[in-house]
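From a predicted model like this one, the values you see are computed outputs, not experimental measurements.
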Amino acid sequence: MARPGAARPGVSATLGVDSSEETGGPRPRAAISTAAASAPDTLQTSKKLVNSVAGCADDALTGLVACNPNLQLLQGHRVALRSDLDSLRGRVALLSGGGSGHEPAHAGFIGKGMLTGVIAGAVFTSPAVGSILAAIRAVAQAGTAGTLLIVKNYTGDRLNFGLALEQARAEGISVEMVVIGDDSAFTTLKKAGRRGLCGTVLIHKVAGALAEAGVGLEEITKRVSAVAKAMGTLGVSLSSCSVPGSKPTFELSSEEVELGLGIHGEAGVRRIKMATTDEIVKLMLDHMTSPSNASHVPVKSGSSVVLMVNNLGGLSFLELGIVADAAVRCLEGRGVKIARALVGTFMSALEMPGVSITLLLVDDSLLKLIDAETSASAWPVTAKVTVTGRIRSRAAPAEPPETLVSTAGGGASSKQMVLVLERVCTTLLGLEERLNALDRAAGDGDCGTTHSRAARAIQEWLKAGPAPASPSQLLSRLSVLLLEKMGGSSGALYGLFLTAAAQPLKAKTDLPTWSAAMDAGLEAMQKYGKAAPGDRTMLDSLWAAGQELQAWKRPGADLFQILTKAVKSAEAAAEATKNMEAGAGRASYISSARLDQPDPGAVAAAAILRAILEVLQGSRGV
């Protein structure tokens, strides 16, 4: 099978953005391109995993079809169609498309209950008239009852799809076209109208459900045109994207966010200061629902909506979930009922790290069309239940009885333990930057952050009420706290250590038992962490201290003399880790040539022991 668009006349191989596609936003593409061209030398052409710049759109569509048996290519054109085209006889065909770079739109939405086929242009460039006309002819020859073209409101798309429509009608083919403009960015409407954004995917879904149900072309056109007027979309981005072979389309400082941008890498309506997700989402929803905004969507208290949170390409799943949570809370706080929530990547702008929010006003009949079955690969599987009003959490199981022992504190020993914990927390908070710097050599640079998170959790716990008087209870409660709040492998290892160390202390709290508690903790860490002394981990510090604390088991052992030696041994062991080859943990995957600094976990463990010693010495007046 020939590659789509290969060696055919009239189709440009260049992937520069066609400025005729844009709707005339506040900063025309030509001006943006000029700005990018004159940007500082630090603005480099981005790296892309492509075979060639000219062939990337063809290769992407070919790859999608190769992996999806439900799709076929139309030979000689960059067109993808349903493989079961002949089964559509007597029903309306739906064709959409536009520039490539918006994946999974548009080909990801081909399937039963959605699109019949799509016509793809080069990256961010309208498809060729000849390819659009070829797709119309192909579905007409399959015996369909007319064709509806679903087009996003960009000049190039309107022109090319419109010209193909007129040529098809001249051939006697029944064709209609709806132009979708769901952009809610512009407070004053431009002559070109609202840009077509991610809301177009919802039109694909509604039209597809109607076509699958056997509704006629005229009725589908009428109904989706009405639906399109009841929705709005607004985007925000942390930085731009870049067309293959080109530099980023605009620049943002680390303190800026672009509001109201389109899906072709163009800049938005204004720039705002970087803020929390809650603040940004509130601003977006305020803007897109404000009656003073000529392009607003009329959502108010009591409205029922479909919420679509769309990844513009480069946003992490972590951030996407945070945006979705903020949107749900903000809308429900305004009395808006969220009937369905769709979260994912629906219409991207290459690798742009941003998100768009779409709101579609729905009633029960429209919701049934949204819920209708589809085989389109990119449409998410969602529960057909209302989001708002659903119970979203379950009460946590009660803690085992042994952890609910009275926490009433008392006596000098209890106060001393609190002082120890406070000093440990202060020490770890002060070490945050150093530990992060040490961790960057072998990990993701968060060791200090992880330990600081633990320190803050302990501080909050101490503020909440008195600490347990029993050392065993104290260590057990700390283990639960760290497992829950600290996170990472450090949280698990400290949790294991403290849980095991607490067991011997249930019966006694003399020096030999404290030494036994240290032994138990170290044994648990080795058993589950798979590290051994000399593997360049936090165990090295603790093990060195534990060996010195063995002297506590001898009669007449001196608390401070032995503890002081233990701390010095731990610090020496931590320093020695910089000369070790990592045998466990994340550092074991790093070349030893790059490991010339002490292990951050070992440094943190030694610092904790030093803090304990200093408080105990201070309480004795040393």
Side-chain angles (χ1 to χ4, degrees), residues 4-5 8-34 53-54 56-58 60-61 77-80 95-103 105-107 115 117-136 148-168 175-183 185-186 190-201 203-204 228 233 235 241 243-246 249 261-267 347-350 352:
R8 62 183 188 277
V11 179
S12 172
T14 63
L15 294 178
V17 181
D18 180 359
S19 62
S20 67
E21 281 194 311
E22 305 307 322
T23 59
R27 277 173 276 188
R29 288 304 310 279
I32 295 167
S33 298
T34 301
V53 170
C56 64
D58 299 304
L61 191 61
H77 299 279
R78 198 184 286 121
V79 173
L95 295 177
S96 188
S100 297
H102 303 304
E103 292 73 21
H106 304 83
L115 297 177
V118 303
I119 308 94
V123 175
F124 294 171
T125 304
S126 296
V129 174
S131 292
I132 301 170
L133 184 58
I136 296 172
L148 177 62
L149 304 178
I150 302 174
V151 180
K152 296 188 302 300
N153 188 28
Y154 291 97
T155 305
D157 287 352
R158 290 197 315 270
L159 290 173
N160 291 346
F161 276 89
L163 182 54
L165 176 147
E166 295 298 333
Q167 292 180 352
V175 187
E176 295 291 342
M177 183 169 82
V178 290
V179 178
I180 309 302
D182 57 311
D183 185 10
F186 298 103
K190 304 291 182 177
K191 182 178 180 180
R194 299 164 69 183
R195 295 174 293 190
L197 303 176
C198 189
T200 308
V201 175
I203 299 301
H204 294 162
T233 298
C241 62
V243 174
S246 301
T249 51
L261 70 172
I263 53 171
H264 298 102
E266 71 270 36
M347 185 173 288
S348 64
L350 291 171
M352 182 175 284

Look up atom [atom1] in [X] and atom [atom2] in [Y], then write down how far apart they are to the nearest 0.5 Å.
X: Ile203; Y: Ile180; atom1: CD1; atom2: CD1; answer: 4.5 Å
X: Asp157; Y: Ile150; atom1: CG; atom2: CD1; answer: 13.0 Å
X: Asp183; Y: Lys190; atom1: CG; atom2: NZ; answer: 11.5 Å
X: Thr200; Y: His106; atom1: OG1; atom2: NE2; answer: 7.0 Å
X: Asp182; Y: Arg195; atom1: CG; atom2: CZ; answer: 10.0 Å
X: Leu159; Y: Tyr154; atom1: CG; atom2: OH; answer: 14.5 Å

Is any side-chain heavy atom of [X] closer than 4.5 Å to a side-chain heavy atom of [Y]?
X: Ile263; Y: Lys152; answer: yes
X: Glu266; Y: Thr249; answer: no
X: Ser246; Y: Val53; answer: no
X: Phe161; Y: Ser126; answer: no
X: Met352; Y: Leu350; answer: no

Report task. Could you tell me whether a side-chain N or O of Asn153 sits under 3.5 Å from a main-chain N or O of Ala192, the two making a donor and an acceptor? Result ->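 Flag set: sc Asn153 to bb Ala192 pair under 3.5 Å.
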
Query raised in the report: Is it true that a side-chain atom of Ser100 and a backbone atom of Gly121 form a donor plus acceptor pair closer than 3.5 Å?
Result: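 At least one qualifying donor-acceptor pair exists.
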
Could you work out, with side chain to side chain contact (heavy atoms under 4.5 Å, CB included) as the rule, every residue matching [X], not counting sequence neighbours?
X: Ala135; result: Val79, Leu95, Ile119
X: Ala134; result: Leu74, His77
X: Val129; result: Asn160, Leu163, Ala164, Gln167

Could you pull out the closest heavy-atom pair between [X] and [Y], with the gap in Å?
X: Pro127; Y: Gly98; result: CD-CA, 3.6 Å
X: Ala120; Y: Leu61; result: CB-CD2, 4.4 Å
X: Ile136; Y: Ala168; result: CG2-CB, 3.8 Å

Query raised in the report: With Glu176, which residues qualify under salt bridge (charged side-chain N to carboxylate O under 4.0 Å, His left out), at least two apart?
Result: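 For Glu176 the salt bridge (charged side-chain N to carboxylate O under 4.0 Å, His left out) partners, ignoring immediate neighbours, are Arg169.
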
Query raised in the report: For Ser96, what residues pass the side chain to side chain donor-acceptor pair (under 3.5 Å) criterion, not counting sequence neighbours?
Result: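 By the side chain to side chain donor-acceptor pair (under 3.5 Å) rule, Ser96 matches His204.
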
Requested in this report: Kindly write out the residues that satisfy ring-ring contact (aromatic ring centres under 6.0 Å, His included) with His102, not counting sequence neighbours, or none if the list is empty.
Outcome: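 Counting only residues at least two positions away or on another chain, His102 forms a ring-ring contact (aromatic ring centres under 6.0 Å, His included) with Phe124, His264.
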
